[in-house]
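Only heavy atoms go into these numbers, but all of them, side chains included; no hydrogens, no water, no symmetry mates.
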Amino acid sequence: MKVLVIGAGNMGLTYAEAMSRSKLLKKRNVMILDNSPEKILSLEKISHFDVFKDMEDCLPQADLVFIAVKPYHSANLFAKMKPLLNQGQVIISIMAGITIKTMKEALGIDKVVRAMPNLPAQVGKGITSYMTSDEISRIELLTVENLLDTTGKSIRVQSENYIDASTGISGSGPAYVFYFMHSMMEAALKMGFSKIDSKVLVSQTFEGAVELFNQSDLSPNSWMDKVASKGGTTRAALDSMDDNNVKELIEEAAYAAFNRAVELGKEI
């Protein structure tokens, strides 16, 4: 099996490197295509996959094709790809907003997967939601899932609405966490901690809380009740958040990202 990644940006390169390290593919069965001469030069120094600048030299060879370019490049890219594709190939898109129907019509093929990864894929802790066209076989489905899992975990959804929704939760979600971390670090600095100590305090707090959550069946509310005693310091902090409608604001932010993903698809 040969896999081609189109686009050597952050996410494309993340998938190329993760797949090339996995046991699923033999060495050098991962190809990557990019149109930047500077990027090509830097990629050629990496020995574990083949680098191409001309689509004609790699796309016909591929069994699976990952498309990892900006959505607004999709129309021109699809026009170049269409004459080189065949019905046996599987297309996996990680472009926001581009629907399965759009890809099938523009590329003239049936086997299409739409996926939404997130940034922690770069450290093997990503989460990818994905949906497939009906023409994908069970064996192809298993292969796609295993390849997506090289960057973390994946969940299969039954409607493209959930792909847009996952953009608002997991796709954009790391930025929400960084926003909260930044605010806590700023508070620590104002309380007199050094920048290094502020980072350690906040990062270890997040890591520890996530580990507690993952190792139990308790809900976030139950964990909050364990930490916050009546009249105590944690309850004072949580009451302040409730008084300022922080929960509602976070929900609104997630929906803003979700709605923008839907709008982006319509614009394109």
Side-chain angles (χ1 to χ4, degrees), residues 1-7 10-12 14-25 29-30 62-69 71 74 78 85 87-107 109-174 176-177 210 213-214 217 254-255 257-262 264-265 268:
M1 180 175 63
K2 275 188 162 301
V3 177
L4 170 65
V5 178
I6 299 178
N10 287 335
M11 200 56 69
T14 292
Y15 271 103
E17 291 180 334
M19 290 187 293
S20 69
R21 291 193 301 266
S22 76
K23 297 178 180 179
L24 298 171
L25 302 172
N29 273 17
V30 176
D63 299 297
L64 290 96
V65 182
F66 273 78
I67 302 180
V69 303
S74 61
F78 291 164
L85 291 171
Q87 286 295 332
Q89 292 170 303
V90 176
I91 302 296
I92 305 172
S93 165
I94 58 174
M95 297 181 291
I98 309 296
T99 66
I100 288 176
K101 179 182 178 181
T102 296
M103 287 186 281
K104 290 175 74 171
E105 291 177 351
L107 295 171
I109 62 170
D110 295 322
K111 297 179 180 181
V112 175
V113 179
R114 182 180 171 194
M116 175 49 60
N118 67 356
L119 192 61
Q122 293 185 0
V123 291
K125 293 290 185 178
I127 177 68
T128 302
S129 61
Y130 71 98
M131 181 183 173
T132 70
S133 61
D134 295 336
E135 293 81 4
I136 298 286
S137 70
R138 292 184 65 182
I139 293 176
E140 289 167 337
L141 176 63
L142 182 61
T143 301
V144 167
E145 184 175 286
N146 285 334
L147 289 175
L148 293 176
D149 285 350
T150 60
T151 61
K153 296 181 179 180
S154 63
I155 59 170
R156 185 186 178 198
V157 298
Q158 300 302 315
S159 166
E160 286 190 79
N161 184 62
Y162 290 113
I163 299 292
D164 291 324
S166 68
T167 302
I169 302 300
S170 57
S172 301
Y176 315 157
V177 176
V210 169
F213 179 71
N214 285 338
D217 294 325
Y255 269 98
F258 168 38
N259 292 331
R260 180 57 186 147
V262 175
L264 185 61
I268 294 169

Do you know which two heavy atoms are closest between [X] and [Y], and how far apart they sit?
X: Gln122; Y: Asn10; result: NE2-CB, 3.5 Å
X: Glu135; Y: Lys111; result: O-CE, 3.9 Å
X: Tyr176; Y: Gly168; result: OH-O, 2.7 Å
X: Glu160; Y: Thr99; result: OE1-CA, 3.3 Å
X: Asn161; Y: Phe258; result: OD1-CZ, 3.5 Å
X: Ile100; Y: Met131; result: CD1-O, 3.8 Å

May I ask you to test the [X]-[Y] pair for a side-chain heavy-atom distance under 4.5 Å?
X: Leu85; Y: Ile91; value: yes
X: Arg21; Y: Thr150; value: no
X: Ile98; Y: Arg114; value: no
X: Tyr162; Y: Ile169; value: no
X: Phe78; Y: Ile67; value: yes
X: Leu141; Y: Arg156; value: yes
X: Leu25; Y: Met1; value: yes

Donor-acceptor under 3.5 Å ([X] side chain, [Y] main chain):
X: Thr167; Y: Ile163; value: yes
X: Asp110; Y: Gln87; value: no
X: Gln89; Y: Val65; value: no
X: Ser133; Y: Val112; value: yes

Rounded to the nearest 0.5 Å, what separation is found between the [atom1] atom of [X] and the [atom2] atom of [Y]?
X: Ser93; Y: Met103; atom1: OG; atom2: CE; value: 4.0 Å
X: Thr151; Y: Ile127; atom1: OG1; atom2: CD1; value: 9.0 Å
X: Asn259; Y: Asp164; atom1: CG; atom2: CG; value: 9.5 Å
X: Leu4; Y: Phe66; atom1: CG; atom2: CZ; value: 10.5 Å
X: Ile94; Y: Asn118; atom1: CD1; atom2: CG; value: 11.0 Å
X: Glu145; Y: Lys153; atom1: CD; atom2: NZ; value: 12.5 Å

Quiz item: Counting heavy atoms not belonging to Leu142, are there more than 12 under 6.0 Å from its CG?
Solution: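 Yes, the 6.0 Å shell around CG holds more than 12 heavy atoms from other groups.
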Self-check item: Name of the residue among Thr128, Leu147, Val30, Ile92 meeting side-chain contact (heavy atoms from CB on, under 4.5 Å) with Tyr15
Solution: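 The passing option is Thr128.
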Exercise. Any chance you could lay out the side chain to side chain contact (heavy atoms under 4.5 Å, CB included) test for Val5 and Met19, step after step, and finish with the verdict?
Key: CA-CA 10 Å; Val5 178; Met19 290 187 293; 3.7 Å; yes
